Amino acid sequence: MSLIEIKNLYKSFGQEQVLKGINLAIDKGEIVSIIGSSGSGKSTLLRCINQLERQDSGSILYQGTDHSQTKNQIQLLRQKIPMVFQAFHLFENKNVLNNLILAPMKVLKLDKEYAVQKAMETLKKVNMDAFAHKYPKQLSGGQKQRIAIARALMMDPDAILFDEPTSALDPEMIGEVLTVIKDLAKTNITMIIVTHEMNFAKEISDRIIFMHQGVVYEENTPIAFFNHPKKERTREFLNLVK
Amino acid sequence: MRQHLLKIILFIIMFGIIVTLIPNNDAFANDQEDQQLDIVFYSSYNYQTLSQDKLNNINLDFYLPVYYENNKITYHIDSSYLALNDTIETISLRTNDGYENMDVYHVEIVKSPSIWKQKADFEITLNVTVDNLDIEQQYLGQVISSIPDDFLGGTIYTIIKYSQMFLDGSLKTLGLALTGTIAGFFLALILASMRLLNTTNQDNKYSALLKKGLNKIAGLYITVFRGTPMIVQASFFWYGFGLFGNPFYCGLFVVSINTAAYIAEIIRGGIQSIDKGQTEAAYALGMNHIQTMIYVIIPQAIKNAFPAIGNEFIVNIKDTAVLSVIGIFELFNQGRKITGMHYRQLEVYFIVAIIYLFLTYSVSTILKKVEIRMDLLPLEITSSN
């Protein structure tokens, strides 16, 4: 049984159909990178998994059952599969520590003392423990993104969704964020990463999914995908990004 | 900055005068008792205008009865018996034969009450000979000065004499504005949340209907209370229903519900100005709508809306003046009452204006400080995005 299974997912914004029947299964511990040109529906797919966007039809199965119907199902889905955003979206009114402990305290009902202890351990993992009492305003983009990843980790997730985690960063800061994600990859956590960093995707992923015009156009292991793309459009894309 | 400092010092001095020079009401209470003597006299100059040039020489006529227990009284006046109070240096009595059944004595007081000290107490001991019987009588009296003719004198006189009323009025005004703004703020939070309810496709028929209903109710509330004058609302609730049986509480209610309508729109704007990503980030961690609003969105919205909410407070300090219409003696209405005492509108409304200015200026100064404190978080160290 797959951890996440997406069945026949359709989504349109007004007249424009963004997802045209996505079928995808992601196993526990698998690291999947989704690539493709802008407007191909990568981010929308990710947002549908987290139910930030409601699909028009189709379902999101989590551990074999549909979790996209009632409010409670959706909240459970989100706490098990949190998301890391391109623009970080740290809570501006809270310092780093409180950013980390808010959701665990309110959603998982952890007591504060334990949550703080756990937050400090998690901050060490992303090498940000010295910044526990800083506010988001005082951090650089790379630091913010590392905090955002730590915030997702605090939920003890089964999987983490990354929506272009390095696209809003200056080049010199991309490295520190990718390092954190690579470290995470060793812990056997499931990750779905939408990215434009081809080398990173190649290095970290178990599987590459290429999306084109709202469908899964081609998928394969990284080596096979990058070295021997099967389809015409995939070859074009890879030539452009090289 | 120095200009501001001067202004503040001026205000503090003015306010200090009001607060420290509260007239001594005890003296007056004692006089009432002392006047219950067998022989009562009064001064013709009580409550009359004392102008500056008369201040050092006040003439008082005492009307003393000619008969005492059916005997004609012969007054024997000995100036050595005149015990004088601190501000009165000499008193002399003289007879006047112009009255049928009483003799008029004339008392002259040199150096009498000034505009700074409105009342002067004095004491006269008279030796009265009735049928060869000596009766010693003691009189206590009080001279009350009246309002000077000129603007400056009149203003100072009014401030000192009616400081208690001005203070009462100021406290009522501040109380109405502060309580009304705070109560209005909490009511506004509820209204704004109602106004922002959006139906999603996860709602069933009933919850969608409920959300729409609440939204419409909040919209109607805001339209009605923003669209009618507060003076009309106050009259409506007080003269129409006699709400709470007390004009002050009714007024408090009116300020609160009126302010709520304005602040609700301010908070709604504040909430809508928060980046949608903040909500999504909270949702993406499994938080529900209410948790997201309480812990993430509303704190940020209030911080953004704080200057506008503070402005509502300042507006309320001024606008509570309309509550005089339902008989609340806040600052303006106290002023109106005081003008009735001497018919000196210019001086009284000048003082009222100054007090209002003092209140609004100090409140806005304090609010500015709080704003800076709230914004004290250092700016971004790096400018990476």
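Proteins come first, then strands; the chains are lettered A, B, ... in the order of their sequence lines, and each starts at number 1. Bear in mind the structure is a predicted one, so any value in this text is a computation, not a measurement.
- Counting heavy-atom neighbours within 6.0 Å of Glu172(A) CD, excluding the residue itself, gives a total above 12.
- When all heavy atoms of Ala281(B) and His89(A) are compared, the closest pair comes out as CB-O, 3.3 Å.
- Nearest approach of Val107(A) to Leu285(B), heavy atoms of both residues: CG2-O, 4.1 Å.
- Two residues are said to be in side-chain contact when any heavy atoms from C-beta on lie closer than 4.5 Å; Arg47(A) and Glu280(B) meet this criterion.
- Around NZ of Lys216(B), the count of heavy atoms belonging to other residues, nucleotides or ligands within 6.0 Å does not exceed 12.
- Neither the backbone nor the side chain of Leu76(A) comes within contact range of chain B; no heavy atom of the residue lies under 4.5 Å from a heavy atom of that chain.
- Proximity to chain B (any heavy atom under 4.5 Å) is restricted, for Lys94(A), to the side chain, taken from C-beta onward.
- Under a cut-off of 6.0 angstrom, the local environment of NZ in Lys368(B) is sparse, with at most 12 non-hydrogen atoms contributed by other residues, nucleotides or ligands.
- Proximity of a side-chain donor or acceptor of Gln75(A) to a complementary backbone N or O of Met287(B) within less than 3.5 Å is not detected.
- Proximity to chain A (any heavy atom under 4.5 Å) is restricted, for Gln291(B), to the side chain, taken from C-beta onward.
- Annotation for Phe13(A): atom CZ counts as buried by contact number, over 12 foreign heavy atoms lying within 6.0 Å.
- For a residue to count as touching a neighbouring chain, one of its non-hydrogen atoms must lie under 4.5 Å from one of that chain's; by this rule Met155(A) touches chain B with the side chain only.
- Here Thr279(B) contributes atom OG1 and Phe91(A) contributes atom CZ; the two are 9.5 Å apart, rounded to the nearest 0.5 Å.
- The number of heavy atoms from other shown groups lying within 6.0 Å of CG (Asp111(A)) is above 12.
- Heavy atoms of Asp275(B) lying under 4.5 Å from chain A belong exclusively to its side chain.
- For the set Leu90(A), Leu108(A), Leu77(A), the count of heavy-atom pairs under 4.5 angstrom toward chain B peaks at Leu90(A).
- Of the listed residues (Lys106(A), Met83(A), Met154(A)), the greatest number of heavy-atom pairs within a distance under 4.5 Å of chain B belongs to Lys106(A).
- Judged by distance alone, with hydrogens and angles left aside, the side-chain atoms of Asn93(A) form a donor-acceptor pair with the main-chain N or O of Tyr295(B) at under 3.5 Å.
- With a 4.5 angstrom heavy-atom cutoff, Ala87(A) does not touch chain B via any of its atoms.
- Around atom CZ of Phe244(B), more than 12 heavy atoms belonging to other residues, nucleotides or ligands sit under 6.0 Å away.
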